[in-house]
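Below: the structure, in C-alpha cells.
Below, read A as the first sequence line, B as the second, and so on, with proteins coming before strands; counting in each chain starts at 1.
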Amino acid sequence: MAKELTSRAQDYSQWYNDLVIKGELADYSAVRGCMVIKPYGYALWENMRDVLDRMFKETGHQNAYFPLFVPKSLFEAEEKNAEGFAKECAVVTHYRLIADPNNKGKLMVDPEAKLEEELIVRPTSEAIIWNTYKTWIQSYRDLPILVNQWANVVRWEMRTRLFLRTAEFLWQEGHTAHATAQEAIAETKQMLNVYADFVENWMAVPVIKGIKSVNERFAGAEDTYCIEALMQDGKALQAGTSHFLGQNFAKAFDVKFSDQNNKQEYVWATSWGVSTRLIGGLVMTHSDDEGLVLPPRIAPIQVVIVPIFKGEEQKAILDEKVAELVKSFKAAGIRVKYDNSDHARPGWKFAEYELKGVPIRIAIGARDLENKQVELARRDTKEKLAVAMEGLTETVEALLVEIQSNLFERARKYRDEHITKADSWDHFLKILDTEGGFVSAHWDGTAETEDKIKELAKATIRCIPLDNPLEQGKCILTGNASTQRVLFARAY
RNA sequence: CGGGAAGUAGCGCAGUCCGGUAGCGUACCUGGUUUGGGACCAGGUGGUCGCAGGUUCGAAUCCUGUCUUCCCGACCA
C-alpha cells in the first residue's frame with residue numbers, strides 16, 4: 001500500500017486532510033494558513049469557475065477587476081463592514097526592503113519607506129468597488145451595474161483548514177448597483193438561485209436556501225441569503241451567500257443617482273460570493289474511505305481507461321483500439337484520460353484513480369478485445385460491469401448522467417434523514433451530540449437567545465428556510481412564543 | 001490567541017532519555033522477470049536531522065529563540 005488513508009470512522013478531520021493531500025487537490029505551503037492548489041485541484045476549480053462564469057453572464061453580468069489593496073480610509077468608510085472584518089486584516093505598511101547592515105545577506109524593512117496611509121489587503125471588495133462606482137453612476141440610465149470579479153482575498157484566520165478556511169482563498173464576488181430596493185432584492189434572490197442551481201446540479205450537493213439571522217448576517221448587509229449544505233459528519237457548511245446591502249454602501253461612499261424626475265437618490269446594492277471552500281464541501285459530501293468521489297459534471301477526468309497487456313505487442317494493439325475510443329469520447333465532449341504508462345501495474349492504477357475520484361474507469365485487455373467488451377467500474381457504487389464495445393460512448397454518456405444523479409440523490413437522502421425536529425432542550429442537545437445534522441426548532445427571534453444557544457449547544461442558526469411554513473410554537477430555550485422553526489446545526 | 005502533539009531522504013517512521021558524525025519501510029534510478037485489484041529479484045541514488053543562535057573537542061541528541069503543521073478550545077462576515 002503506497003498511500004494509506006485514514007477512515008472516516010477513525011478520524012474524520014484526518015480523513016479529510018488525507019483526501020485533499022493524497023488526492024492531490026492541494027498541499028500545505030511555507031506560508032501560514034495558505035495552501036498550494038495543485039494542478040488536479042485547480043482543474044476542478046476551473047471547471048467550477050467556468051460553469052459559474054457562464055451562469056453569471058447568462059444573467060447579465062460582466063467581469064471586471066479591482067485592486068488587491070484598499071486604502072484604510074476607504075476600508076473604514078462603511079462602519080459595520082469595517083468592524084466585522086477589522087480583526088482579520090493583513091495590512092501593508094511599507095513599500096521597500098533594504099540590506100540589513102547588522103545581518104549580512106538579510107533584508108529588513110526600510111523604516112524610511114513607511115506608507116503615508118496603510119493599505120488593507122482586501123478581505124472583500126465592497127469598499128474599493130463602491131468608491132469606484134461613485135464615479136460610474138450619475139443617472140438612473142447608468143443603472144443597474146452588474147459586475148463580478150474573480151479574485152483572491154485574505155482573511156487572517158486563527159485556525160485554518162485546507163479549502164474550508166484558509167488565510168488566502170480564491171472566490172468570485174458579484175457587486176451590483178440598482179435604482180430600487182425591489183430590483184436589488186430580486187438580484188440578491190436571483191443569485192442565490194444561481195448558486196443553488198450550480199451547487200445542486202453540477203456539484204451534486206443538496207442545499208437549503210434560506211436567510212441568515214441578524215447575528216449571522218454579513219457585516220454591512222440588510223439581509224444575507226445563503227445556501228447551507230450538510231457534511232457526512234453531521235456538520236453544516238455555508239456554501240454560498242448573497243447579500244442585500246440596502247443603501248449602506250451608497251451612503252458610506254456617497255453614491256447617488258438622478259432618477260427620472262431629476263431627484264437625487266442613493267443607489268441600492270447587492271454582493272454575492274462563493275469560494276474555493278466549495279471544494280471542501282464537495283469532498284466532505286461525496287467521498288468515501290477509498291478516496292475522493294467527484295461528480296461527473298465537474299470532474300477533471302470523467303473517464304480513465306486502463307489497458308491490461310502482456311508485452312509490447314499487446315500494448316500496441318490496445319493503444320490502437322483505445323485511440324478510437326478516446327476519439328469517440330472526446331467527440332462526445334467526455335473528458336477522458338488513457339493511462340498506458342508502463343511504470344504502474346493495473347491494480348496500482350485502479351487504486352490511484354479511485355483515490356482521485358474519477359467517476360468511471362474502463363479496463364481493457366486482450367480478453368476484452370476478443371469478447372468485444374470492456375470492464376467498466378463506477379466510482380460511486382464500486383460496481384463493475386461488463387459492457388459491450390459497441391455503443392460504448394453512449395453507454396458511458398448515460399452512465400455519467402446516472403452517476404451524477406445518484407450522487408445527488410444519495411447526498412439528499414442523507415441530508416433529509418438528518419433534519420430532525422426538536423421540541424425540548426434535552427432532545428435538541430441529544431440530536432446535536434449524536435446524529436448531528438440540522439435541527440429544526442422554534443426560536444423566539446432574539447439575538448440574545450441565539451447567542452445563549454450558541455454558547456450552550458455550540459450550534460448556530462444556519463438559516464431560516466425560504467419556504468418555511470409558519471407554525472405556532474415555543475422557543476426551544478426560553479419557551480417564549482415563536483411563529484416558525486429555524487434550522488440549527490454545528491457548522492464549519 | 002490558550003492547551004496538547006509533531007517537524008529526521010518525495011512519503012511514513014526509528015534514533016533524542018544517556019552527545020561520538022544517521023537508519024528502516026516505501027517511493028525513485030538501472031537491469032531482468034512481470035502485468036485482469038496497490039508485483040518480484042538483484043544492484044544503486046538520495047538527508048548540512050524545520051530554521052537561527054548557544055554549550056561542547058564533538059550536537060539529530062543538551063539549552064534558548066523562532067517558523068510551520070496537526071488535534072482540542074476561543075474566533076470565524
In whole angstrom, give the distance that lies between atom [atom1] of [X] and atom [atom2] of [N].
X       : N      : atom1 : atom2 : result
E83(A)  : C75(B) : CD    : C1'   : 15 Å
Y492(A) : C75(B) : OH    : P     : 18 Å
D339(A) : G38(B) : CG    : P     : 16 Å
N215(A) : C76(B) : CG    : P     : 10 Å
D27(A)  : G10(B) : CG    : P     : 13 Å
D18(A)  : C11(B) : CG    : C1'   : 12 Å
F163(A) : U69(B) : CZ    : C1'   : 17 Å
D451(A) : A74(B) : CG    : C1'   : 15 Å

Let's test this: given Watson-Crick or G-U wobble pairing with both distances under 3.5 Å, identify the partner of [N].
N      : result
C28(B) : G44(B)
G2(B)  : C72(B)
A22(B) : none
A39(B) : U33(B)
G65(B) : C51(B)

Note: [X]-[Y] ion pair, threshold 4.0 Å (strictly below):
X       : Y       : answer
R361(A) : D339(A) : no
K72(A)  : E117(A) : no
K356(A) : E24(A)  : yes
K382(A) : E290(A) : yes
R217(A) : E222(A) : no
D288(A) : R379(A) : yes

Can you tell me if the side-chain N/O atoms of [X] get under 4.0 Å from OP1 or OP2 in [N]?
X       : N      : result
K458(A) : G73(B) : no
K454(A) : C76(B) : yes
Y353(A) : G37(B) : no
N17(A)  : U69(B) : no

Please work out if [X] contacts a base, only the sugar-phosphate, or nothing of the nucleic acid, heavy-atom cut-off 4.0 Å.
X       : answer
G273(A) : nothing
R217(A) : sugar-phosphate
R361(A) : base
V31(A)  : sugar-phosphate

Where the side chain of [X] is defined as all heavy atoms beyond and including C-beta, which of [options] is the nearest nucleotide?
X       : options                : answer
R165(A) : C71(B), A74(B), C76(B) : C76(B)
E157(A) : C70(B), G38(B), C76(B) : C76(B)
S13(A)  : C71(B), C75(B), C70(B) : C71(B)
W348(A) : C76(B), G38(B), U69(B) : G38(B)
M158(A) : A74(B), U69(B), G38(B) : A74(B)

With rounding to whole Å, what would you report as the distance between [N] and [M] at their [atom1] atoms?
N      : M      : atom1 : value
G54(B) : G73(B) : C1'   : 35 Å
U8(B)  : C51(B) : C1'   : 14 Å
G32(B) : C17(B) : C1'   : 47 Å
G53(B) : G58(B) : P     : 16 Å
C49(B) : G19(B) : C1'   : 14 Å
C75(B) : A5(B)  : P     : 24 Å
G15(B) : A6(B)  : C1'   : 16 Å
U33(B) : C71(B) : P     : 48 Å

Check your understanding: Would one find more than 12 heavy atoms of other residues, nucleotides or ligands at under 6.0 Å from atom NZ of K80(A)?
Key -> no

**Study point:** Sub-6.0 Å ring centroid separation between F488(A) and F428(A)
**Key:**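 F488(A) vs F428(A): aromatic centres under 6.0 Å.
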
Check your understanding: Aromatic ring centroids of W272(A) and F56(A) under 6.0 Å?
Key -> yes

**Study point:** Backbone N/O of S7(A) and side chain of Q10(A): donor-acceptor pair under 3.5 Å
**Key:** yes

Study note, to complete from the structure: Expected list for residues 229-243 of chain A near RNA chain B, using heavy atoms below 4.0 Å, is Q238(A)

Revision key, fill the gap. The correct set of residues in residues 369-386 of chain A placing a heavy atom under 4.0 Å from RNA chain B is E375(A), K384(A)

Write out a two-atom table: protein N or O, nucleotide N or O from nucleotides 30-35 of chain B, distance below 3.5 Å.
unit_1: U35(B); atom_1: O4'; unit_2: R345(A); atom_2: NH2; d: 3.3
unit_1: U35(B); atom_1: O2'; unit_2: F309(A); atom_2: O; d: 3.3

Exercise for review: Kindly say whether, by distance alone, the side chain of R159(A) makes a donor-acceptor pair under 3.5 Å with the base of G2(B)?
Suggested key: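 No, the side chain and the base share no sub-3.5 Å donor-acceptor pair.
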
Review point. Has the side chain of E354(A) got a donor or acceptor that lies under 3.5 Å from a partner of the other kind on the base of G37(B)?
Key: yes

Check your understanding: Parallel, tilted or perpendicular for Y133(A) and W130(A), by the 30°/60° rule?
Key ->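 The rings of Y133(A) and W130(A) stand perpendicular, inter-plane angle above 60°.
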
Exercise for review: On RNA chain B, check which nucleotide each of P123(A) and S29(A) is closest to and give me the residue with the more 5' one.
Suggested key: S29(A)

Study note, to complete from the structure: Between R161(A) and G365(A), whichever has its closest RNA chain B nucleotide further toward 5' is G365(A)

Check your understanding: When rounded to the nearest 0.5 angstrom, what is the spacing between CG in L292(A) and CG in L282(A)?
Key ->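 Spacing of CG (L292(A)) from CG (L282(A)) equals 8.5 Å.
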
Check your understanding: Just checking, K235(A) and Y492(A): is the charged tip under 6.0 Å from the six-membered ring centre and within 45° of the axis?
Key ->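 Geometry flag: set, cation within 6.0 Å and 45°.
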
Check your understanding: Do you know which of D197(A), T241(A), L466(A), V207(A) makes side chain to side chain contact (heavy atoms under 4.5 Å, CB included) with L192(A)?
Key ->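 For L192(A), the side chain to side chain contact (heavy atoms under 4.5 Å, CB included) test succeeds with only one of D197(A), T241(A), L466(A), V207(A), which is L466(A).
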
**Study point:** Shortest non-hydrogen separation from M203(A) to H286(A) and the atoms involved
**Key:**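 That would be O-NE2, 2.9 Å.
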
**Study point:** P359(A) side chain reached by L400(A) side chain, heavy atoms, under 4.5 Å
**Key:** yes

